[in-house]
Amino acid sequence: MYGRMLNKQETPTFDDLICYCGDSGKLWIALDKYLKDEFDATALIRFPYGKEYGWSVKYSRKNKHICDVFAESGAFAAFFQVSTNAVESVYDKLDSYSKGVWENKYPCTSGGWIDFRVLNDENLQNLKKIIHAKVRSK
């Protein structure tokens, strides 16, 4: 349903990634602006983690990974590691979907990896809260 861009032989442009997301592309544009304006993030199109993940944009701040955002058909997904402390600082402000994403994380050190699919503005606002807590907690 939310297939990713998996052809490693053809490097997409940012516009290609946005178009692939359909209506959710405008939400990714808003996230891109937020990450660049709020954290002075740099963006790099890449094909990380193996063939099942597909093309993404890696966002970094001062060489520190913030997240990878993967283009999906009709959506996009942010994939990143976040500490338990960072999430706990905003947990009460998150909706049930976002809490579920956290509860289903892949555990790692003092937190975990989350794969946060964005389908609407509410998802985007909750993702921003988690990312803000992640970046500001360092």
Side-chain angles (χ1 to χ4, degrees):
M1 178 168 196
Y2 298 108
R4 293 188 174 175
M5 297 178 77
L6 301 176
N7 184 355
K8 190 174 184 177
Q9 307 310 316
E10 295 181 29
T11 305
T13 64
F14 184 68
D15 287 342
D16 293 335
L17 295 167
I18 295 301
C19 287
Y20 192 78
C21 298
D23 290 341
S24 294
K26 65 183 179 296
L27 298 171
W28 186 350
I29 291 170
L31 177 63
D32 180 78
K33 181 175 176 11
Y34 171 76
L35 293 170
K36 290 175 178 175
D37 290 352
E38 184 73 16
F39 305 116
D40 196 29
T42 58
L44 172 69
I45 295 173
R46 66 185 194 151
F47 197 95
Y49 311 123
K51 63 182 178 182
E52 70 275 1
Y53 285 89
W55 287 100
S56 75
V57 174
K58 175 186 177 186
Y59 291 94
S60 302
R61 178 181 189 213
K62 297 180 183 175
N63 295 323
K64 298 286 185 182
H65 182 259
I66 298 173
C67 63
D68 274 285
V69 178
F70 291 89
E72 296 183 337
S73 178
F76 67 88
F79 185 69
F80 57 100
Q81 187 175 18
V82 62
S83 72
T84 299
N85 289 342
V87 174
E88 285 178 350
S89 73
V90 295
Y91 189 82
D92 291 340
K93 298 173 187 168
L94 300 176
D95 64 3
S96 60
Y97 170 77
S98 304
K99 289 176 181 177
V101 169
W102 174 247
E103 298 305 324
N104 291 306
K105 69 187 172 297
Y106 179 82
C108 182
T109 59
S110 65
W113 285 87
I114 62 174
D115 194 0
F116 195 109
R117 179 169 289 123
V118 175
L119 298 168
N120 56 49
D121 190 60
E122 184 176 15
N123 295 154
L124 176 61
Q125 297 312 315
N126 282 275
L127 173 61
K128 285 179 177 180
K129 289 174 191 173
I130 296 169
I131 289 174
H132 190 271
K134 169 195 165 95
V135 175
R136 294 295 183 217
S137 71
K138 293 188 176 193

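Here, residue 1 is the first one in the sequence, and each next residue gets the next number.
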So, S60 side chain and N63 main chain: donor-acceptor pair closer than 3.5 Å or not? no
Give a yes/no verdict on a cation-pi contact between R4 and F70, requiring under 6.0 Å between NZ or CZ and the six-membered ring centre and an angle within 45° of the axis. yes
For P12 and M5 the tightest heavy-atom approach is CB-CE, 3.8 Å
Quick one: NZ on K128 to CG on L31, what's the gap to the nearest 0.5 Å? 7.5 Å
Heavy-atom closest pair, residues S24 and L119: OG-O, 4.0 Å
Say whether V135 and V101 are linked into one hydrophobic cluster, either directly or through other cluster members, by side-chain heavy-atom distances under 4.5 angstrom. yes
Going only through I, L, V, M, F, W and Y residues with side-chain contacts under 4.5 Å, is there a path from F79 to Y106? yes
State, yes or no, whether a side-chain contact exists between Y20 and S73 at a heavy-atom distance under 4.5 Å. yes
Residues H65 and W113: closest non-hydrogen pair is CE1-CZ3, 4.5 Å
For E10, look at atom CD and say whether over 12 heavy atoms of other residues, nucleotides or ligands are found less than 6.0 Å away. no
Answer yes when E38 and R136 have at least one side-chain N-carboxylate O distance shorter than 4.0 Å, and no when they do not. yes
So which atom in D23 and which in K26 form the shortest heavy-atom distance, rounded to 0.1 Å? O-NZ, 2.9 Å
Aromatic contact between F39 and Y34, with the criterion being ring centroids under 6.0 Å apart: yes or no? yes
What I'd like to find out is whether the side chain of C67 reaches to under 4.5 Å of the side chain of L127, using heavy atoms alone. no
Using modelled atom types and a 3.5 Å cut-off, is there a donor and acceptor pairing between side-chain atoms of K134 and backbone atoms of A86? no
Test side chain to side chain contact (heavy atoms under 4.5 Å, CB included) applied to L17 and I45, step by step: CA-CA 9 Å; L17 295 167; I45 295 173; 4.2 Å; yes
Side-chain donor or acceptor of Y97 paired with backbone N/O of R117 under 3.5 Å: yes
Within-4.5 Å side-chain heavy-atom neighbours: S56 and R46: yes
Y59, F80, F116 screened by side chain to side chain contact (heavy atoms under 4.5 Å, CB included) with I131, the one that passes: F80
Would you say that D68 contacts Y49 through its side chain, given a criterion of any heavy-atom pair below 4.5 Å between the two side chains? yes
For a 4.5 angstrom cut-off between non-hydrogen side-chain atoms, does I130 reach I114? yes
Where the side chain of S83 meets the backbone of S110, is there a donor-acceptor pair that is under 3.5 Å apart? no
Tightest non-hydrogen contact, residues S98 and L94, listed as CB-CB, 3.9 Å
Taking the side chain as every heavy atom from C-beta outward, state whether L27 and D121 have any atom pair closer than 4.5 Å. yes
Distance col, row E103:CD vs S96:OG, nearest 0.5 angstrom, shows 11.5 Å
Geometric cation-pi criterion, K99 with W102: 6.0 Å, 45°: no
Is there a donor-acceptor contact under 3.5 Å from the side chain of D32 to the main chain of I29? no
With a 6.0 Å cut-off on the ring centroids, do W28 and F14 count as close? yes
Is the shortest side-chain heavy-atom distance between P48 and K58 below 4.5 Å? no
Heavy atoms of V90 and K129 approach each other most closely as CG1-O, 3.9 Å
Are T11 and W55 close enough that some pair of their side-chain heavy atoms sits under 4.5 Å apart? yes
Rounding to 0.5 Å, atoms CG (D40) and NZ (K62) come to a distance of 8.0 Å
